[in-house]
There are 2 protein chains.
Amino acid sequence: MATIIDVAKAAGVSKSTVSRVVSGNGYVSKESREKVLKAMADTGYIPNALARHFQSGETKTIGFLAQGYFDTLGVFLETFTQIARNYGYFIHLYFTGGDKQKELDALNLMKYKQIDGVFILTRSNDWETIAAYSMYGPIATWHRIDSPNIYSSYVDHYDGYVMSLNYLYDCGYRKIGHILGSAKNLNTQARLQAIDDFYREKKLALADAWVSTNSNFERSGQVIAKQWAEQDERCDALAFFSDDIAAQFMSSLQLLGYSVPDDVAVIGFDNSRLSELMHLTTVEYSLDKQAVNSFIYIYNALNDKKIPEEPLAVRLVKRLTVQEDFRGHA
Amino acid sequence: MATIIDVAKAAGVSKSTVSRVVSGNGYVSKESREKVLKAMADTGYIPNALARHFQSGETKTIGFLAQGYFDTLGVFLETFTQIARNYGYFIHLYFTGGDKQKELDALNLMKYKQIDGVFILTRSNDWETIAAYSMYGPIATWHRIDSPNIYSSYVDHYDGYVMSLNYLYDCGYRKIGHILGSAKNLNTQARLQAIDDFYREKKLALADAWVSTNSNFERSGQVIAKQWAEQDERCDALAFFSDDIAAQFMSSLQLLGYSVPDDVAVIGFDNSRLSELMHLTTVEYSLDKQAVNSFIYIYNALNDKKIPEEPLAVRLVKRLTVQEDFRGHA
DNA sequence: CTGTTAGCGCATTCAG
DNA sequence: CTGAATGCGCTAACAG
């Protein structure tokens, strides 16, 4: 394996000069540059990335942290990896499986100089605990949180949810059920607010509404299907905080002998690939741009740059799980 | 940031001794070890991974290469990442987007000492082209290929496919359509052989069978749905080489106004999460173990070990897209 | 514009 | 058992 010294000898210059042409830093005369270039080709020289990293103290690598695989992870991972490569960064992947210690281990890698920064897709520890690690490198997430030390490329779910509800209302639905995620989640709180405002504006009785929070566990779709089927007065429509859970719900409902949208309308959230396959009406909120913005934040922090972020937008994706001319069940 | 020298000073020993206790190589007296351990704790010493990598010439990182995201990737990635961590390796992720050059760039990282080995989930270049890079480090894939330089943790799809076909036959289906992947793929060839043997054994007229190869493009599920609907004499059942395409097919069929399994039975292959959600009868063939075996191969090659691989198995997963008592369409 | 020099932090000789 | 010395490959400061 040829090193910088071999090239220097072959070109008849010093290794500093070779280093200069390789890295592009500093002035090099045309003749020297050409001699070096030729010597590099002759010797088949390849800069040793390990040595460069060691020298610079940077790994040009960003950790991507998640508990485990789920549908949305794919989109995110793909976009994030893409943009990172464009800026010369690599992605190191970690699945914690929900293990707090493993998550901390991953965060610790910033201390150990194995990664330069971290993006968190799904976490296990408290945000406070995580935030403490920001002293070792930038941390970003797409979750909506409020911390001075963790960047959040969130989208306010309030607007998207109001959009969903108005759409259901305009289609004729009045008995709407709301399936929400973790009660502590800021987006859940935004949804709660949206529900409040919506019922007030439409002068509907909020007390009658079925609102289910913390439906973000493994099999919650199944559970909700069962609950819905056992209701005395069933909802006409269900608005979900996630396509994934909505898909589980529809899947389970089918087994119970009901069908969507004939027996109940369903609207999801995410516009995941799953939703496309299952014809699920949903809300798209530029996941990809959230990934981009998170990366840009990390990149800016690491390189002292100020690349601007991308604007985010919310959009309703109409498919087949909501009837546009619903006039009430017989 | 404390270095090995700081620890040495604090402990009153040389840095060699510190190195010895940290790495565990060589003899160190009990007293020295304790002094060092205390000094490490006092100074908050953390070995610099960059320096160690530089020193050893290893990155303890394996590249995971794919064109882009798809359902099965999730399972694979999760298992692969898991086992890698257990053996002290990290996963570097690359999406090529089908770009041949980007794939080569990723392979080149082995030369550049940025990764120690590579696992390929979906490729863009010819296997021959890829095999040339095995001189820089071990390469493994789950694809069924025959190359002395690339390890393959494949499962012979022959058995699984015969299992599918026999199941359909036993349920009463006679007009079976076969949707296969790339004609060059060895598994496709195994399926073709399975079809041949099956029709011969059951004394069915092979000439009548609908066999569609190269159905592995972006929207092939939609195309097949259309073709099926336009057939003069429609198949009773369709056997797919992949859950993903089968799911697309069912999804499209629904839009065309047909239903599964009433109008046509469908059997997939992979037992992906998607198949579970869509109640798709399918074949499971221990994807996770393929991931494990691929990693083990890479690990063994890198560390000159001989850890044994895991045995693979094939299993039919009965769900709702095949009627068990099918007696022919009216 | 270019060569010389001095480390980056660690593991590994080699003596003792 | 331990310390001193050496070098991995590269970059950056400095002096020309």
Side-chain angles (χ1 to χ4, degrees), chain A residues 1-40 43-60 88 108-116 136 303, chain B residues 1-40 43-60 88 108-116 136 303:
Chain A
M1 196 91 271
T3 75
I4 201 169
I5 291 196
D6 300 319
V7 179
K9 275 186 197 152
V13 298
S14 77
K15 56 180 183 152
S16 316
T17 304
V18 178
S19 174
R20 287 189 185 99
V21 345
V22 171
S23 68
N25 295 334
Y27 300 101
V28 182
S29 71
K30 210 170 193 174
E31 302 93 66
S32 294
R33 162 165 286 112
E34 275 163 14
K35 277 192 293 184
V36 170
L37 256 19
K38 181 173 182 314
M40 279 170 56
T43 54
Y45 170 71
I46 291 163
N48 184 325
L50 251 31
R52 303 180 83 163
H53 289 166
F54 171 51
Q55 168 72 238
S56 67
E58 287 182 330
T59 57
K60 293 287 174 192
N108 264 320
L109 292 173
M110 291 199 290
K111 273 206 250 185
Y112 285 70
K113 301 281 178 205
Q114 299 232 122
I115 52 180
D116 298 341
Y136 303 113
N303 300 282
Chain B
M1 196 90 270
T3 75
I4 200 169
I5 291 197
D6 300 320
V7 179
K9 275 186 197 153
V13 299
S14 76
K15 56 182 181 150
S16 320
T17 304
V18 178
S19 174
R20 286 188 186 99
V21 346
V22 171
S23 67
N25 296 333
Y27 299 100
V28 181
S29 71
K30 208 171 193 175
E31 301 92 65
S32 294
R33 161 165 288 112
E34 274 163 14
K35 275 191 294 182
V36 170
L37 256 20
K38 182 174 183 315
M40 280 169 56
T43 55
Y45 170 69
I46 291 165
N48 183 325
L50 251 31
R52 303 180 85 161
H53 290 165
F54 172 51
Q55 170 73 238
S56 67
E58 286 183 332
T59 58
K60 293 287 175 192
N108 264 319
L109 292 172
M110 289 198 291
K111 273 206 249 184
Y112 284 71
K113 301 281 180 206
Q114 299 232 123
I115 52 181
D116 299 342
Y136 302 113
N303 300 283

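Naming: A, B, ... by sequence-line order, numbering from 1 per chain.
- Distance, A/Lys9 NZ to D/dC10 P: 13 Å, rounded to whole Å.
- Here A/Asn108 contributes atom CG and A/Tyr136 contributes atom OH; the two are 7.5 Å apart, rounded to the nearest 0.5 Å.
- Rounded to the nearest 0.5 angstrom, A/Tyr45 OH and A/Leu37 CG are separated by 12.5 Å.
- Under the side chain to side chain contact (heavy atoms under 4.5 Å, CB included) test applied with A/Met40, the options A/Asp6, A/Ile46, A/Val22, A/Ile4 reduce to a single match, A/Val22.
- OP1 or OP2 of C/dT2 has at least one side-chain nitrogen or oxygen of A/Ser29 nearer than 4.0 Å.
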Summary of protein contacts for nucleotides 6-16 of chain C, nucleotide by nucleotide, where a base hit scores B, a sugar-phosphate-only hit scores S (4.0 Å, heavy atoms) = BBBBBBBB---
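- Counting heavy atoms from C-beta on, the side chains of A/His53 and A/Lys113 never come closer than 4.5 Å.
- In this structure, B/Lys111 atom NZ and D/dG9 atom P are separated by 17 Å, rounded to whole Å.
- Counting to the nearest Å, the P atom of D/dC10 and the NZ atom of B/Lys113 are 12 Å from each other.
- In this structure, the side chains of A/Asn48 and A/Thr3 stay at 4.5 Å or more apart for every pair of heavy atoms.
- Atom CZ of B/Arg33 is separated from atom C1' of D/dT2 by 13 Å (rounded to the nearest Å).
- Sparse packing is recorded around NZ of A/Lys9, with 12 or fewer heavy atoms of other residues, nucleotides or ligands lying under 6.0 Å away.
- Side-chain atoms of B/Lys38 and B/Glu34, non-hydrogen and from C-beta on, never get closer than 4.5 Å to each other.
- Comparing the start and finish of the helix from C/dC1-D/dG16 to C/dG16-D/dC1, five pairs each, the helix axis swings through 40°, to the nearest 10 degrees.
- Between atom CZ of residue A/Arg52 and atom CG of residue B/Leu50 there is a gap of 13.0 Å, rounded to the nearest 0.5 Å.
- We find that CD of A/Glu58 is positioned 11 Å from P of D/dA12, with the value rounded to whole Å.
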